[in-house]
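Side chains included, hydrogens not; waters and symmetry mates left out as well; all remaining heavy atoms used. If you're wondering where the values come from, they're calculated on a predicted model, not measured in any experiment. Along the sequence shown, residues carry numbers from 1.
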Amino acid sequence: GMSLGKEGPLVHVACCWANFCSKLSSRYVQNEAKRRELISTAAAAGVSVAFGTPLGGVLFSYEEVSTMFPQKTMIRAFFAAVIAALSLRWYNPTGTGRLTMFQTHFVEMPSMSEYPWFLVLGAVGGVLGAMFVHFNIKIGAARQEGTAFRKRVPIIAEVAIIALVTALTSWPLLFTRDLSTSTIRVLFQGCAEVQADMDMMGLCDGAEPIISMELVQSLMLAALLRFIQMTFTFGTGVPCGLFVPSLYTGACVGRSLGIFVSWLNSQYHFAGPINTGVYAMVGAAAVLGGVCRVTISLVVIMFGLTGALQLIVPFMLAVLTAKFVGDAFGDGIYDACIILRGYPYLHEPHDVSFNARACDIMDDELECINAEPTTIAKLLELLQATTYGGFPLVASGGDHTLLGYVHTEPLRRHLEMSLKESALMREDYPVVFKKYTTRRASGAMDLSKFVDETVVRIVPETPLAQVHNIFRQL
């Protein structure tokens, strides 16, 4: 009953399998770019299994997961997502025989006078998403490894406390007592199309929606409680996603607004019959869009989850509004988590025009290793004292012609093991990069094999925009 989704663990499992399978082929073992393409394919399959939406999985991998997404990768991702959806259809875990988790039945399109309310839902979703990102990142930073909180509270204890508090706070309320997916399915239903065996949890009076302040208060309280729960749960030491709790929060907010619009319509008659289930679905898409800042893939996923093809335009309107409003406050949750964990990722610039060149920003005072002869002691002293991952190899102290790149750790380990294992090796023993210099030292150890000659080279006048693209494609 914890406030978490299942897409996170399923995508993670799929990516782990992809990484394991990549080690069975030399084509992927020796090519990091190919391995990343395989992981992008696995991410599409994971989302497809999570929600039964193969096309949404492919678009999610393209829009949010992958930095580079060649056409071949798209075909492979689509194939993997289809196989994943077929496997899900064969296993039939829900027992319904359908892939859609929240099957709905709507006959009429919303009237044009309802579209401004969808814009309002999009704006509310963007604000809620920005609030979630802000508070969740604050909490995540406070419970990272090495913090005072983590030293006092082990991860297992933290998860147990969150699970206990979630159970205790969810039980008193009708809308939070059941599993989130069951309640979302009810919230998405319109009162006129309710199945005979479905308990609408007091939302409907026959074919008409119940309009009462008590019901709105209950829905908003459930949304607030689930929002707080998922803020503390996401990022804790348990596999979790955030699609389901975000959908739940948005569905409660959207259903509440739908009840208000239905009451307003009964007073002023500005539209036909108001379907409160439509507002729940649009609100769910808005909050999820505000949290994740995905657009195209989210619209397709919402269509796959509900089967509501006629609501594509309201979904698009709410998701785009949520993204624009959320972006005004800061990054989405995925980008914020990447920054929090310090992963090496270069974001795509937003409306930035580069007018500078590489020579305008580059540092020309670099620490380098010379190809000329030196001793083990001098070279090892440099390698042990540095925090850099490597050094440029230049011809000499006076000639800074770039010859290659020397990685720190492999060379340091080699020199230390040579001193330790060979009695003939001393700290004053000469070493040289023989392949890259004409100067020689009698009996010197050749270190040419530690030079990486495949480093990318650019001229100083290279436009900065091109430099940025090179770094993003690494």
Side-chain angles (χ1 to χ4, degrees), residues 1-6 51 93-96 98 100-107 110 117 121 124-125 128 165-230 233 242-266 273-288 302 305-308 311:
M2 295 180 71
S3 299
L4 46 82
K6 60 182 180 179
F51 301 112
T94 61
T96 62
R98 293 190 292 263
T100 50
M101 292 178 61
F102 313 115
Q103 184 67 43
T104 57
H105 303 279
F106 296 110
V107 178
W117 297 108
L121 277 176
V124 172
L128 289 176
V165 173
T166 300
L168 293 177
T169 55
S170 298
W171 179 257
L173 297 179
L174 174 64
F175 291 106
T176 56
R177 190 173 301 163
D178 287 342
L179 292 176
S180 295
T181 52
S182 302
T183 306
I184 294 172
R185 185 177 295 108
V186 172
L187 292 171
F188 281 1
Q189 301 300 319
C191 293
E193 298 88 10
V194 178
Q195 299 177 6
D197 59 344
M198 180 174 289
D199 178 16
M200 288 301 293
M201 306 174 69
L203 294 172
C204 299
D205 182 13
E208 297 295 328
I210 292 178
I211 301 176
S212 69
M213 182 57 64
E214 291 78 9
L215 180 57
V216 172
Q217 290 176 349
S218 298
L219 288 170
M220 293 303 293
L221 184 59
L224 176 62
L225 180 60
R226 188 65 82 222
F227 180 85
I228 295 173
Q229 289 173 349
M230 78 173 188
T233 303
L242 48 74
F243 272 43
V244 171
S246 298
L247 291 174
Y248 180 97
T249 302
C252 289
V253 173
R255 190 90 186 195
S256 300
L257 181 63
I259 293 173
F260 172 73
V261 174
S262 183
W263 172 82
L264 208 62
N265 186 52
S266 66
I274 301 297
N275 193 326
T276 52
V278 170
Y279 286 79
M281 287 190 289
V282 175
V287 172
L288 185 54
M302 287 301 301
L305 285 173
T306 62
L311 297 181

Test side chain to side chain contact (heavy atoms under 4.5 Å, CB included) applied to Met302 and Leu247, step by step: CA-CA 10 Å; Met302 287 301 301; Leu247 291 174; 3.7 Å; yes
Verdict with reasoning, Leu187 to Leu219, per side chain to side chain contact (heavy atoms under 4.5 Å, CB included): CA-CA 10 Å; Leu187 292 171; Leu219 288 170; 3.8 Å; yes
Test log, rule side chain to side chain contact (heavy atoms under 4.5 Å, CB included), inputs Ser246 and Met230: CA-CA 8 Å; Ser246 298; Met230 78 173 188; 3.9 Å; yes
Audit row: Leu173, Leu225, side chain to side chain contact (heavy atoms under 4.5 Å, CB included) steps and yes/no: CA-CA 10 Å; Leu173 297 179; Leu225 180 60; 3.8 Å; yes
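The distance from atom CG of Asn275 to atom CD of Gln189, rounded to the nearest 0.5 Å, is 9.5 Å. Going from atom CG of Leu121 over to atom CG of Leu257 covers 4.5 Å, rounded to the nearest 0.5 Å. Between Ser218 atom OG and Met213 atom CE the span is 11.5 Å, to the nearest 0.5 Å. Rounded to the nearest 0.5 angstrom, Met2 CE and Ser170 OG are separated by 10.5 Å. Atom CG of Leu174 and atom CG of Leu221 lie 11.5 Å apart (nearest 0.5 Å). In this structure, CG in Leu305 is found 10.5 Å from CZ in Arg185, a value given to the nearest 0.5 Å.
A donor-acceptor distance shorter than 3.5 angstrom exists from the side chain of Ser266 to the backbone of Trp263, with no hydrogens or angles considered.
The side-chain heavy atoms of Tyr279 and Ile274, taken from C-beta on, include a pair separated by under 4.5 Å. Using a 4.5 Å heavy-atom threshold, the side chains of Leu4 and Leu242 count as separate. In this structure, Leu215 and Phe175 have side chains that are in contact, with non-hydrogen atoms separated by less than 4.5 Å. The shortest distance between side-chain heavy atoms of Leu311 and Thr306 does not fall below 4.5 Å. Using a 4.5 Å heavy-atom threshold, the side chains of Ser180 and Arg226 count as touching. You'll find the side chain of Trp117 reaches within 4.5 Å of the side chain of Leu264, heavy atoms only. Put simply, the side chain of Trp171 does not reach to within 4.5 Å of the side chain of Thr176, judged on heavy atoms. Put simply, the side chain of Phe102 reaches to within 4.5 Å of the side chain of Thr181, judged on heavy atoms.
With no hydrogens or angles considered, a side-chain donor-acceptor pair links Arg255 and Thr276 at under 3.5 Å. Counted by atom type alone, Gln229 and Thr169 present one or more donor-acceptor pairs between their side chains at under 3.5 Å. Between the side chains of Gln217 and Ser212, no donor N or O sits under 3.5 Å from an acceptor N or O.
Using a 30° and 60° split on the angle between ring planes, Phe243 and Phe51 fall in the parallel class, below 30°.
Residue pairs meeting the disulfide (SG to SG under 2.5 Å) criterion with at least one member in residues 183-214, sequence neighbours excluded, are Cys191-Cys204.
Contact record, Pro245 with Gly5: CD-N, 3.7 Å, taken as the closest heavy-atom pair. Considering every non-hydrogen atom in both Ala251 and Phe188, the closest pair reads CB-CE1, 3.8 Å. Considering every non-hydrogen atom in both Cys252 and Ser256, the closest pair reads O-OG, 2.9 Å.
Of the listed residues (Thr249, Ile184, Leu288), just one forms a side chain to side chain contact (heavy atoms under 4.5 Å, CB included) with Val244, and that residue is Ile184.
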